[in-house]
Amino acid sequence: MPNIAIVGAGISALHLALRLQQTGVATTVYAERTADEIAAGRPLHLPVRFGRTQERERTLGVAHWDQPEHHTHGVRLVGPPGSGIGFLGRFDVPASGVDFRVYLPRLIADYQERGGRVEPLRPEVAEIERISQRHDLVVVAVGRQASALFPRDPARSPYEGPQRVLTAGLFRGIAPVRPGHIHFQVTEVGEIFSTRILTADGPVHGMVVEALPGGPLEQLASLDALRDAPGFVRTLLKLVEDHAPELRERIDAAEFGIAKPGDVIQGGITPVVRRSWAALSSGRVALAIGDAWITNDPLAGQGANLGSRTAFELAELIAAGGPFDEAFARRAADRLWSVAEPAVHWSNLNVGPPVEQLGALFGAATSDQRVADAFATNFNAPEAMWEGVRTPENTDAWLSRITSAAGA
Ligand SMILES: Cc1cc2nc3c(=O)[nH]c(=O)nc-3n(C[C@H](O)[C@H](O)[C@H](O)COP(=O)(O)OP(=O)(O)OC[C@H]3O[C@@H](n4cnc5c(N)ncnc54)[C@H](O)[C@@H]3O)c2cc1C
């Protein structure tokens, strides 16, 4: 019976641990922070989990937030002023936004209640080497802090730095929409998106400002949201007023504020694909999954969903049996890349220079609900999304398929 070390306790690590637990494979989760520390800490990300990820949660028996009030039903995409673009695309199955400071501790508890072992570990190479001697395979899922074990793969990483300057946080004072949907404002200077997120204190709204470097949205990322929260909130409100007027209409200025001190993250994320495995000096192999392997800009909402998906793929390979040697690592690398590649390309397309096919698609979605719905639904199916947007010809073909099939 294989014995697997999983380093990290994010969605990627926990979906892998819970899945392997179901298939009877022995695992130990090595976590830098305890569940209580995660719950009491600052947010690291604000992920929306699409339908397939929630389906995996049902498979794992951890669908704790599957009630209609927590569902998000689509994407309202609004183009820059004067573009004429604006549509509400409906998902075929709902998405969900839960604060990971609630989500991860609950999944850690599920794993432990079913007999899973969680041990403390600093995610350093020497520590990973040390624990590898007790296991047949080490899976590293420590998030975007990365590990020196997995160098950047330049062939799969077109960008050398962040393409957006990010400010993300949780806010009160934004009126909910019914049915719930993600508001996604595209501007000439970046993007602003917002959606309902369930926190330990109840529902609030997450807002992410993705500033193009050098543009007016960038200033937010350098403001001190902890020491001067009123100044930060004033600037954010003004920027939303100038660049996302429809979202501004839902904000009550008197109520608007950071949900809790510290609920803001700022900085840039470099989209990167790293080498997915490493040979350890112990003779064991270490594999990377989730953000430790691939970090996408959050604009397309793929990172957590992909982390969960690759965790399930890897669980299947591990459950099929070893030896967990370099040949296994190569096989796993090929299989996981075949799953991950479309999400990476789709994420990278979003933060690259504007492409004509997205303009054409958004225009078509504005005038045809069938296109809007198919586009929104494809957030849950990155391979279908990428197939439909990767070239102008693909988009033409995809649009014809949607309009002829749905109209038939
Ligand atoms: C602003 C923003 C918005 C995003 N939106 C989306 C989205 O809509 N959809 C989507 O799929 N992806 C989204 N992402 C990306 C997604 O959150 C990551 O890809 C995903 O969470 C990575 O999971 P992981 O398990 O690989 O790593 P991580 O979750 O980073 O986990 C790595 C390690 O960090 C620890 N950790 C995690 N959270 C905390 C915390 N709060 N406090 C302390 N320790 C913690 C874990 O225990 C773990 O050991 C977003 C990211 C950002 C920054």
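The figures that follow rest on heavy atoms only: side chains count, while hydrogens, waters and symmetry mates do not. Atoms within a ligand are numbered from 1 in the order they appear, just like the ligands themselves.
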* N or O pair under 3.5 Å between A292 and ligand 1 -> no
* Would you mind checking if D263 and R101 are paired as a salt bridge, meaning a charged N to carboxylate O distance below 4.0 Å? => yes
* Structure fact -> Among H45, R49, R309, the residue with a heavy atom nearest to atom 21 (O) of ligand 1 is H45
* Backbone or side-chain N or O of P298 under 3.5 Å from ligand 1 N or O -> no
* Could you establish whether R101 and ligand 1 come within less than 4.0 Å of each other, counting only heavy atoms on the residue side? => yes
* Mark up the atoms of ligand 1 that fall under 4.0 Å of a heavy atom belonging to V142, in ascending order. => 32 (C), 33 (C)
* Compare S12, A35, A31, P47 and give the one whose heavy atom is closest to atom 13 (C) of ligand 1. => P47
* Structure fact -> Residue, atom and distance of the protein heavy atom nearest atom 37 (C) of ligand 1 read L104 CD1, 3.5 Å
* Asked: Should the pair R19-E316 be classified as a salt bridge under the 4.0 Å nitrogen-to-oxygen rule?
  -> no
* Asked: So between G290, G303, A13, whose heavy atom ends up nearest atom 15 (C) of ligand 1?
  -> G303
* To do: Compute the centroid of each ring, for Y30 and then for H135, and state whether the two points are separated by less than 6.0 Å.
  => yes
* To do: Give a yes/no verdict on a cation-pi contact between R275 and W277, requiring under 6.0 Å between NZ or CZ and the six-membered ring centre and an angle within 45° of the axis.
  => yes
* Asked: So, does I269 sit close enough to ligand 1 that a heavy atom of it is under 4.0 Å from the ligand?
  -> yes
* Structure fact -> among protein heavy atoms, the one nearest atom 44 (N) of ligand 1 is R33 NH1, 2.9 Å
* So how far is it from L220 CG to Q266 CD, rounded to the nearest 0.5 Å? -> 7.5 Å
* What's the spacing between W386 CH2 and T391 OG1 if we round to 0.5 Å? -> 8.5 Å
* To do: Please tell me if the side chains of V285 and L280 come closer than 4.5 Å, counting only heavy atoms from C-beta onward.
  => no
* Per-atom contacts of ligand 1 with F100, taking only distances under 4.0 Å to non-hydrogen atoms -> 21 (O)
* What protein heavy atom sits nearest atom 7 (C) of ligand 1, and how far away is it? -> V48 N, 3.2 Å
* Asked: In terms of heavy-atom contacts, does CZ of R130 have more than 12 from other residues, nucleotides or ligands at under 6.0 Å?
  -> yes
* Asked: How does A168 reach ligand 1, if at all, at less than 4.0 Å between non-hydrogen atoms: by side chain, backbone, both, or neither?
  -> side chain
* May I ask you to list the atoms of ligand 1 that are less than 4.0 angstrom from any heavy atom of N305? => 9 (N), 10 (C), 11 (O)
* Asked: Quick one: does V78's side chain get under 4.5 Å of I85's, heavy atoms only?
  -> no
* **For A9, atoms of ligand 1 separated by under 4.0 Å from a heavy atom** => 46 (C), 47 (O), 48 (C), 49 (O)
* Considering only heavy atoms of G8, which atoms of ligand 1 have at least one such atom less than 4.0 Å away? -> 49 (O)
* To do: Verify side-chain hydrogen bond (donor to acceptor under 3.5 Å, both in side chains) between H183 and S194, making sure each step is shown before the conclusion.
  => CA-CA 5 Å; H183 187 87; S194 175; over 6 Å; no
* **ligand 1 to A304 polar contact by distance, N or O atoms, under 3.5 Å** => yes
* To do: State the atoms of ligand 1, each with its element, that fall below the 4.0 Å cut-off from a heavy-atom position in G301.
  => 7 (C), 8 (O), 9 (N), 10 (C), 11 (O)
* Structure fact -> With heavy atoms and a 4.0 Å threshold, my read on which part of N296 contacts ligand 1 is neither
* Please report which non-hydrogen protein atom sits nearest to atom 31 (O) of ligand 1, along with the residue it belongs to and the distance in Å to one decimal place. => G10 CA, 3.5 Å
* Run the contact test for E37 against ligand 1 with a 4.0 Å cut-off on heavy atoms, strictly below, and give the result. => no
* Structure fact -> the protein heavy atom lying closest to atom 23 (O) of ligand 1 turns out to be I11 CG2, 3.6 Å
* Asked: Nearest to atom 19 (O) of ligand 1 by heavy atom, V102, T295, I289, D291: which?
  -> D291
* Below 4.0 angstrom from a heavy atom of Q302, which ligand 1 atoms are there? Numbered from 1 as shown, please. => 10 (C), 11 (O)
* Asked: If you count the atoms of ligand 1 from 1 in the order shown, which ones are under 4.0 Å from a heavy atom of R42?
  -> 40 (C), 41 (N), 42 (N)
* Heavy-atom check, side chain of F256 versus side chain of L237, under 4.5 Å -> yes
* **For atom 45 (C) of ligand 1, closest protein heavy-atom neighbour** => L44 CD1, 3.4 Å
* Salt-bridge test for D201 and K260: reply yes if a basic N is under 4.0 Å from a carboxylate O, no otherwise. => yes
* How far is atom 27 (O) of ligand 1 from its nearest protein heavy atom, and which residue and atom is that? -> G143 CA, 3.4 Å
* To do: Salt-bridge test for E246 and R248: reply yes if a basic N is under 4.0 Å from a carboxylate O, no otherwise.
  => no
* Structure fact -> To the nearest 0.5 Å, atom CG of D252 lies from atom CZ of R172 at 10.5 Å
* **Proximity of W65 and H70 rings by center, below 6.0 Å** => no
* Structure fact -> Output for pair (H45 NE2, L166 CG), nearest 0.5 Å, gives 12.5 Å
